[in-house]
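Worksheet: one structure, shown below.
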Amino acid sequence: MISTRPVRRPVEPGHWRRYVVMWVALAWIVVAMVTMSVVGVRAGILVLAAELLVLGFVRAVSPAPGPYGITSRSRAFDVAILMLSGAAIVVLALTATGLDPAWPG
């Protein structure tokens, strides 16, 4: 019986940097959830929207192939989806009623 071992690909230098963005994004989501429970829902939603806007900027300026976890399609598509959804969430969070009882809006 002949067994073949999988060929090991050489690890490119600096490959771990592609994964840092994914872990930072995950930590930011946790911070947003904690903010929602401690400060208020509106503040937590704004933290989440800020994350989307920052991730859109990171995707726009990062070299190819892009950070792991936020790269799904072309650069233009990813940036558009992240930035537009972040901006839409900001508008909705600031105009929605009933999120925080003490909000003056």
Side-chain angles (χ1 to χ4, degrees):
M1 181 176 196
I2 299 173
S3 69
T4 59
R5 290 186 155 177
V7 178
R8 293 189 73 175
R9 293 181 293 179
V11 177
E12 66 216 41
H15 74 286
W16 60 271
R17 288 187 206 118
R18 289 189 63 218
Y19 298 97
V20 170
V21 174
M22 178 186 65
W23 291 110
V24 169
L26 180 64
W28 203 331
I29 291 172
V30 171
V31 168
M33 297 301 130
V34 170
T35 304
M36 283 183 197
S37 61
V38 173
V39 178
V41 175
R42 191 178 311 269
I45 292 172
L46 290 173
V47 170
L48 197 59
E51 177 186 15
L52 289 172
L53 293 170
V54 168
L55 287 176
F57 177 76
V58 168
R59 178 66 175 115
V61 299
S62 63
Y68 185 80
I70 65 168
T71 303
S72 64
R73 304 285 180 190
S74 69
R75 182 183 311 262
F77 180 82
D78 290 342
V79 170
I81 291 296
L82 289 167
M83 292 285 198
L84 290 174
S85 61
I89 290 173
V90 166
V91 169
L92 292 173
L94 293 177
T95 59
T97 58
L99 293 178
D100 291 329
W103 183 261

[X]-[Y] co-clustered via ILVMFWY side chain contacts under 4.5 Å:
| X | Y | value |
| --- | --- | --- |
| Val39 | Val31 | no |
| Leu53 | Val61 | yes |
| Met36 | Ile29 | yes |
| Leu84 | Phe57 | no |

Tell me whether Arg59 contacts the main-chain N or O of Ala80 through its side chain, where contact means a donor paired with an acceptor under 3.5 Å. no
Might you work through the side chain to side chain contact (heavy atoms under 4.5 Å, CB included) test for Leu55 and Trp28, ending with a clear yes or no? CA-CA 11 Å; Leu55 287 176; Trp28 203 331; 5.9 Å; no
Heavy atoms of Ala93 and Ile45 approach each other most closely as CB-CG2, 3.5 Å
Do you know the tightest heavy-atom contact between Trp23 and Tyr19? CD1-O, 3.1 Å
Does the side chain of Leu52 reach to within under 4.5 Å of the side chain of Met83, using non-hydrogen atoms? no
Would you list the atom pairs, donor with acceptor, under 3.5 Å between side chains in residues 85-92 and any protein atom, with sequence neighbours excluded?
from	atom 1	to	atom 2	distance (Å)
Ser85	OG	Ile81	O	2.6
Ser85	OG	Leu82	O	3.2

Donor-acceptor contacts, no H, no angles, side chain residues 65-73, under 3.5 Å, sequence neighbours left out:
from	atom 1	to	atom 2	distance (Å)
Thr71	OG1	Pro67	O	2.7
Ser72	OG	Asp78	OD1	2.9

Value for CD (Glu51) from CG (Leu26), rounded to nearest 0.5 Å, stands at 9.0 Å
